[in-house]
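Order of the sequence lines fixes the chain letters, A, B, ..., with proteins taken first and strands second; residue numbering starts at 1 for each chain. Not measured: the values here are computed from a predicted model.
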Number of protein chains: 2
Amino acid sequence: MGRNRATLADVAQRAGLSKTAASMVLNGREGTRLSAEAHQRVFAAAEELGYRPNLAARSLRTRKTATIAFVSDIVATTRFAGDLIRGALDAARERDHVLLITETQGDATFEQYAIEAVLDRQVDGVIYAAMATRRLTVPAAILGGPVVLLNATSPDGLPSVVPDDEGAGRSVATALLELGHRDAIALIGRNRLKEDDPEVSLAASARLHGIRQTLDEAKVGLLAECFCTEWLPEHGYAAMRSLLGKPKRPSAIICMNDRLAFGAYQALGEAGLTVPEDISVISFDDDPIAAWLRPSLATTALPHEQMGRRAVELLLDGGAAEPALVPMPLRRRRSLAPPAG
Amino acid sequence: MGRNRATLADVAQRAGLSKTAASMVLNGREGTRLSAEAHQRVFAAAEELGYRPNLAARSLRTRKTATIAFVSDIVATTRFAGDLIRGALDAARERDHVLLITETQGDATFEQYAIEAVLDRQVDGVIYAAMATRRLTVPAAILGGPVVLLNATSPDGLPSVVPDDEGAGRSVATALLELGHRDAIALIGRNRLKEDDPEVSLAASARLHGIRQTLDEAKVGLLAECFCTEWLPEHGYAAMRSLLGKPKRPSAIICMNDRLAFGAYQALGEAGLTVPEDISVISFDDDPIAAWLRPSLATTALPHEQMGRRAVELLLDGGAAEPALVPMPLRRRRSLAPPAG
DNA sequence: AGTGGTCGCTAAACTGATTTAGCAGAGCAT
DNA sequence: ATGCTCTGCTAAATCAGTTTAGCGACCACT
């Protein structure tokens with residue numbers, strides 16, 4: 001790769017100047033007393049030779065690599081990872097940086113390995129990303145330099161970027177209240193583990209809190225709350241079926257994520273009920289299926305691209321120590337209507 | 001990042017030997033005549049100091065960075081990108097390499113920039129990935145070193161890795177024939193653009209070819225073929241509705257991808273038909289929704305993780321020039337049954 | 001005694017950049 | 001003529017490794 005690239009020495013020689021002069025000119029150093037003509041010659045030579053600096057050599061001296069490590073627990077399993085990475089990639093490019101991506105798969109050995117691999121390559125900083133919003137403790141090895149937590153917080157008070165799940169909970173509840181839903185709102189997706197253990201999830205309790213707070217202020221209580229062991233379609237399906245077996249039918253359903261809502265749709269379809277005429281549904285995440293469902297599903301979007309971007313900005317430009325909350329926009333879609341009757 | 005790391009000189013000094021000796025011992029060089037005791041001392045010193053080599057310095061001399069560039073057109077839009085990356089990441093780790101990931105967004109300027117950025121960092125090779133299987137021409141700049149095309153082929157005969165879509169077409173058709181479906185098989189997702197322009201898609205024509213070939217051999221013709229401008233749920237929905245409006249109802253549907261099948265499910269549900277009792281459905285891709293649908297959708301899986309892995313293997317271990325075809329496994333699920341009656 | 005070979009190790013060159021320290025010449029005042 | 005500053009530029013050190021060339025001690029053989 002990149003055999004016979006022109007070096008700085010080649011440029012200097014062609015320009016009839018020293019490496020020093022060439023280096024200074026190409027780096028646009030202020031206060032050097034090199035003549036305008038010298039500048040010309042260096043630029044011309046660099047252009048003619050197609051000179052590009054060898055960043056390995058440069059970084060040996062400057063201890064800057066213009067490279068950021070993106071270390072995450074699991075890249076592939078959730079479709080959101082791509083957006084996180086894309087946002088980071090964009091912001092990095094704008095700042096002339098590049099991303100070294102590694103995955104730990106939640107395995108301590110792999111993590112150790114991944115971190116050594118990136119530190120050996122002298123990265124300028126580390127973005128430590130979790131695929132589910134949660135609290136975690138970062139490995140001591142990366143604390144030697146700048147670190148930003150992405151989609152996670154840590155007890156050490158490191159800079160971090162997380163979605164505003166509580167705000168999303170408020171948006172969701174508010175949307176239903178505004179439509180006139182009152183005492184027949186049911187919730188699908190309560191989960192003790194996710195709610196109580198911040199190392200499993202921060203989203204569950206924040207969303208729940210936002211919903212409760214808004215409903216409380218309106219003096220509205222939830223009609224029913226269904227617990228689910230996981231947030232997958234089958235659990236949403238089961239929960240919805242159990243809700244429909246009860247005497248009072250809900251006018252609206254809040255699902256803790258879109259996959260649950262997808263399952264709920266299936267149960268509603270089987271029961272011959274239509275969304276939103278019979279029941280409104282609203283949810284969290286804005287998974288691509290939300291837009292594909294019939295009717296399209298109203299939800300609050302995880303702003304993953306924004307978050308990836310913010311993480312890079314925080315890392316390179318510095319920033320506040322308290323977690324950066326990125327708002328989750330409400331996507332109003334067809335699954336919402338005023339309560340029937 | 002990584003301030004005050006021990007250097008090779010530190011290790012050598014502590015071991016009471018020269019840098020040369022330390023370097024040779026740590027690199028496990030054969031044929032050096034250093035004593036067993038010298039080996040001991042170097043290893044001990046390295047261990048005690050927590051020595052890790054500075055790869056920037058090493059690569060300056062060796063012109064190897066143990067880093068691979070993963071350049072793709074679009075990382076985020078398809079959920080499959082993650083699997084491609086994950087497979088590549090795994091294979092790279094096994095070979096002590098790391099991935100530098102960039103995205104071109106299909107924009108020539110970004111592409112130019114991305115390629116310069118990775119070449120400046122002296123990567124050992126480039127994986128050039130497309131998110132939809134297609135033919136493309138690679139930028140001349142990366143031809144100076146090893147290149148592997150991932151999910152793409154090129155006219156230049158570069159090594160490449162693509163899914164075996166034709167084989168998948170055969171699997172799909174065979175699965176239906178084996179169940180007894182004959183002359184009432186309909187196809188959803190014909191698309192002239194995708195079929196005729198290899199720079200748009202290679203999958204469409206290969207899948208179609210595999211299906212046709214298998215049906216022809218069994219002397220079976222397609223009942224109907226629906227054209228779709230895109231392969232999205234809404235198009236599958238519309239196509240399915242039009243099929244149901246015709247006099248003869250199909251016994252089985254082949255959808256060119258899972259999103260079309262998802263739309264077809266919606267139309268079938270609305271029409272009060274059940275899968276697979278009334279109509280079998282089979283498809284391509286193995287999108288996560290395929291397993292979430294009720295009934296779960298039989299489909300042929302895009303082996304993205306395998307492909308990412310193969311690309312790294314081809315790049316580092318070398319390999320044949322003809323495209324590596326990665327098989328697409330058939331996922332037999334609940335949407336298949338013998339024809340009714 | 002001289003020659004040659006092996007053993008165990010090291011000095012120094014080299015990679016391609018940045019950066020520090022300083023040199024030669026011009027202009028000017030004394 | 002001397003000392004001073006300013007201008008325009010360069011030599012050499014430096015970063016942290018790898019690699020080439022070779023040195024001194026010891027032994028064996030003729």
Side-chain angles (χ1 to χ4, degrees), chain A residues 1-42 45-46 49-67 96 119-124, chain B residues 1-43 45-46 49-67 119-124:
Chain A
M1 213 87 233
R3 293 155 300 189
N4 48 314
R5 284 164 63 118
T7 71
L8 184 64
D10 298 333
V11 172
Q13 187 177 32
R14 184 174 190 108
L17 290 165
S18 67
K19 284 197 304 172
T20 309
S23 172
M24 287 172 154
V25 167
L26 292 174
N27 288 315
R29 272 273 277 266
E30 305 280 319
T32 158
R33 293 174 303 233
L34 292 161
S35 65
E37 202 223 326
H39 277 77
Q40 296 290 345
R41 291 215 307 274
V42 170
L49 297 173
Y51 170 72
R52 306 227 90 223
N54 178 326
L55 297 191
R58 170 181 292 170
S59 74
L60 186 55
R61 187 77 235 260
T62 60
R63 340 206 105 243
K64 295 247 163 284
T65 51
T67 302
D96 266 322
L119 293 184
D120 289 353
R121 286 170 179 80
Q122 321 293 121
V123 296
D124 294 343
Chain B
M1 210 90 234
R3 293 155 298 194
N4 48 313
R5 283 164 63 120
T7 71
L8 184 65
D10 298 333
V11 172
Q13 187 177 33
R14 186 174 189 108
L17 290 164
S18 67
K19 282 197 306 172
T20 308
S23 171
M24 287 172 154
V25 167
L26 292 174
N27 287 314
R29 273 273 276 266
E30 305 281 320
T32 157
R33 293 174 304 234
L34 292 162
S35 65
E37 201 223 325
H39 277 77
Q40 296 289 346
R41 290 214 309 273
V42 170
F43 286 131
L49 296 174
Y51 171 71
R52 306 226 91 225
N54 178 326
L55 297 193
R58 170 179 292 169
S59 72
L60 186 56
R61 186 79 235 257
T62 62
R63 339 207 105 242
K64 294 245 162 288
T65 50
T67 303
L119 292 184
D120 289 353
R121 286 170 179 80
Q122 321 294 121
V123 296
D124 294 343

Can you see which heavy atom on A:Ala56 is nearest to which on B:Gln122, and at what distance?
-> CB-CG, 4.3 Å
For DNA chain D, whose closest nucleotide is more 5', that of B:Leu8 or that of A:Ala21?
-> A:Ala21
Span of DNA chain C, from the first to the last nucleotide whose atoms fall under 4.0 Å of chain A heavy atoms = C:dG16 to C:dT20
Find which nucleotide of DNA chain D each of A:Glu37 and A:Lys19 is nearest to by heavy atoms, and output the residue with the more 5' nucleotide.
-> A:Glu37
Measure the distance from CD on B:Gln13 to C1' on D:dA16 and round it to the nearest whole Å.
-> 15 Å
Which heavy-atom pair separates B:Arg63 from B:Asp124 by the least distance, and what is that distance?
-> O-OD1, 4.1 Å
Please name the pair of heavy atoms, one in B:Thr7 and one in B:Tyr51, separated by the smallest distance, quoted to 0.1 Å.
-> C-CE1, 3.5 Å
Could you check how far CZ of A:Arg61 sits from C1' of D:dA16, rounded to whole Å?
-> 12 Å
How many Å lie between CZ on B:Arg29 and C1' on D:dT19, as a whole number?
-> 7 Å
Partner residues of B:Asn54 under the side chain to side chain donor-acceptor pair (under 3.5 Å) criterion, sequence neighbours left out = none
Which part of the nucleic acid does B:Ala38 contact within heavy-atom distance under 4.0 Å: base, sugar-phosphate only, or nothing?
-> sugar-phosphate
Could you give the CG-to-P distance, from B:Asn27 to D:dT18, as a whole number of Å?
-> 5 Å
Spacing between B:Leu26 atom CG and D:dT18 atom C1', to the nearest angstrom | 12 Å
A:Leu17 near the nucleic acid: base, sugar-phosphate alone, or nothing, with a heavy-atom cut-off under 4.0 Å?
-> sugar-phosphate
Would you confirm whether B:Ser23, through its side chain, and B:Lys19, through its main-chain N or O, come within 3.5 Å as a donor-acceptor pair?
-> no
Side-chain donor-acceptor pair under 3.5 Å between B:Arg121 and B:Thr67, yes or no?
-> no
Would you classify B:Ser23 as touching base, sugar-phosphate or nothing, given that sugar-phosphate means primed atoms plus P, OP1 and OP2, and contacts are heavy atoms under 4.0 Å?
-> base
A:Leu60 has an atom CG; how far is it from atom C1' of D:dT14, in whole Å?
-> 9 Å
Contact under 4.0 Å: B:Arg5 side-chain N or O vs D:dA16 OP1/OP2 | no
Ignoring backbone atoms, establish whether A:Ser18 has a side-chain N or O less than 4.0 Å from OP1 or OP2 of D:dA11.
-> no
Rounded to whole Å, NE2 of A:His39 lies from P of D:dG8 at a distance of 11 Å
Could you grab the distance from atom CG of B:Leu26 to atom NE2 of B:His39, nearest 0.5 Å is fine?
-> 9.0 Å
So what does B:Arg33 touch, heavy atoms closer than 4.0 Å: a base, only the sugar-phosphate, or nothing?
-> base
To the nearest angstrom, the CG-P distance between B:Asn54 and D:dT14 comes to 17 Å
Side chain of B:Thr20 only, please: which of D:dG17, D:dT20, D:dA13 is the nearest?
-> D:dT20
